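The next block holds one structure in the form of structure tokens; read it before the comments.
Chain naming here is simple, since letters A, B, ... match the order of the sequence lines and numbering starts at 1 in each. Here the structure is a predicted model, which is why all the values come from computation and not from measurement.
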2 protein chains.
Amino acid sequence: MEEQQPIPACMEKWDINWLLHRAAQRVGAAFADETAKFGVSPRGQLVLQALANDEGQRTQLKLGAMLGLDKTTLMSELDKLERAGLILRVPDPKDRRVRTPMITDKGRELQKQAGDALAEVERAFRDRFTREEMAVIRRALINLADGEAPVHGSCL
Amino acid sequence: MEEQQPIPACMEKWDINWLLHRAAQRVGAAFADETAKFGVSPRGQLVLQALANDEGQRTQLKLGAMLGLDKTTLMSELDKLERAGLILRVPDPKDRRVRTPMITDKGRELQKQAGDALAEVERAFRDRFTREEMAVIRRALINLADGEAPVHGSCL
DNA sequence: CGAAGAACGTCCGAGTCAAGATGTTCTGAT
DNA sequence: ATCAGAACATCTTGACTCGGACGTTCTTCG
């Protein structure tokens, strides 16, 4: 990877799209550094978090749709998490097609630790702004992020 | 691609990282839809825009660093643009290693049209917010996007 | 019942991305 | 002048993404 220019060098053409992607890139990198210490990807942590808060009520497809992950991408992520013993795919007695992902105790443990660490990272970002600014930012991001239509490329 | 859940279904765990990525995803998709009408990717448009505003003063490496693109990714993008006759790689008489990317008249033409169309799309997003909000959002994104350290994965 | 269609998880293949290696050219120090 | 090292563009390689196809299972309707 090349050394990136500090941003001020090219201020003329900053459109929302580029800014958003770049910001997501940066924040994502900070998150990735943190989750790497726990041996999971940010996506893995995201999945674990969802499973921890939402007790095995979701099929793999629903889970992927909720998190904005492609089904095959979620598959390989679940494979990794399962191999690491952090989740289990539990057959649904009611519907034999379904193999509900369930977080294990080990997974819950790790998720809690990683989640706390990430909260710290996130707080560092939040502290760059006032409370009022954060409220605006949050509302704006939710506004932009929300929407019914499925999205093409994920990169989550 | 699966139908995505409307966002409100899972509000508990929205961290900045996820919101940013999702927002970037959505806005990026809107931009991609628009640029597709002109036969280029958003990334292609980004490169053209940079070249149009910055008259062939950058090597490929510098250009990639400025835009946050990996050198190999930029390479293949330049290949496409060159094949489409939108740019040229001009040998630098001063330094035979360098093949400076230059936008062609055709490229400039297309960039202008696509740029106008994208400005329209962007305005639609801006109109969701007040002027004061936009100022906050813009400052916040610049704050987050800025930074010296190179970033791992691009996805731009 | 039985058949048609939908939903689930999985697999496959084309396309994309980026780290590292390579060959050429430039620069700076001896 | 020459040699070592850096910079540039390119190529190679391995991993990842994602749309689409597949087999199984469920549901609905005749």
Does [N] have its OP1 or OP2 closer than 4.0 Å to a side-chain nitrogen or oxygen of [X]?
X: Gln60(B); N: dT10(D); answer: yes
X: Arg58(B); N: dA9(D); answer: no
X: Arg96(B); N: dC26(C); answer: yes
X: Arg89(A); N: dT10(C); answer: yes
X: Thr73(A); N: dT17(D); answer: no

Specify the separation, in whole Å, of atom [atom1] of [X] and atom [atom2] of [N].
X: Leu78(B); N: dC17(C); atom1: CG; atom2: P; value: 13 Å
X: Asp95(A); N: dT28(D); atom1: CG; atom2: P; value: 12 Å
X: Asp92(A); N: dT27(D); atom1: CG; atom2: P; value: 10 Å
X: Met102(B); N: dA9(D); atom1: CE; atom2: P; value: 14 Å
X: Gln25(B); N: dT17(D); atom1: CD; atom2: C1'; value: 13 Å
X: Glu82(A); N: dG9(C); atom1: CD; atom2: C1'; value: 12 Å
X: Arg43(B); N: dA18(C); atom1: CZ; atom2: P; value: 7 Å
X: Met75(A); N: dA21(D); atom1: CE; atom2: C1'; value: 14 Å

Tell me which of Thr72(A) and Val98(A) sits closer to the 5' end of DNA chain C, going by the nucleotide each one is nearest to.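 Nearer the 5' end of the strand: Val98(A).
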
Classify the side chain of Lys71(A) and the base of dG20(D) as holding, or not holding, a donor-acceptor pair under 3.5 Å.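 Side chain to base: pair found, below 3.5 Å.
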
For dA7(C), does the base pair up with any side-chain atom of Arg97(A) as donor and acceptor (N or O, under 3.5 Å, distance only)? yes

Validation row: [X], [Y] side chains within 4.5 angstrom (heavy atoms):
X: Lys112(A); Y: Arg108(A); answer: no
X: Leu69(B); Y: Glu77(B); answer: no
X: Leu19(B); Y: Ile137(A); answer: no

Donor-acceptor contact below 3.5 Å, side chain Thr100(A) vs main chain Thr59(A): no

Nearest 0.5 Å, please: how far is CG in Leu144(A) from CG in Leu20(B)?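 CG of Leu144(A) is found 10.0 Å from CG of Leu20(B).
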
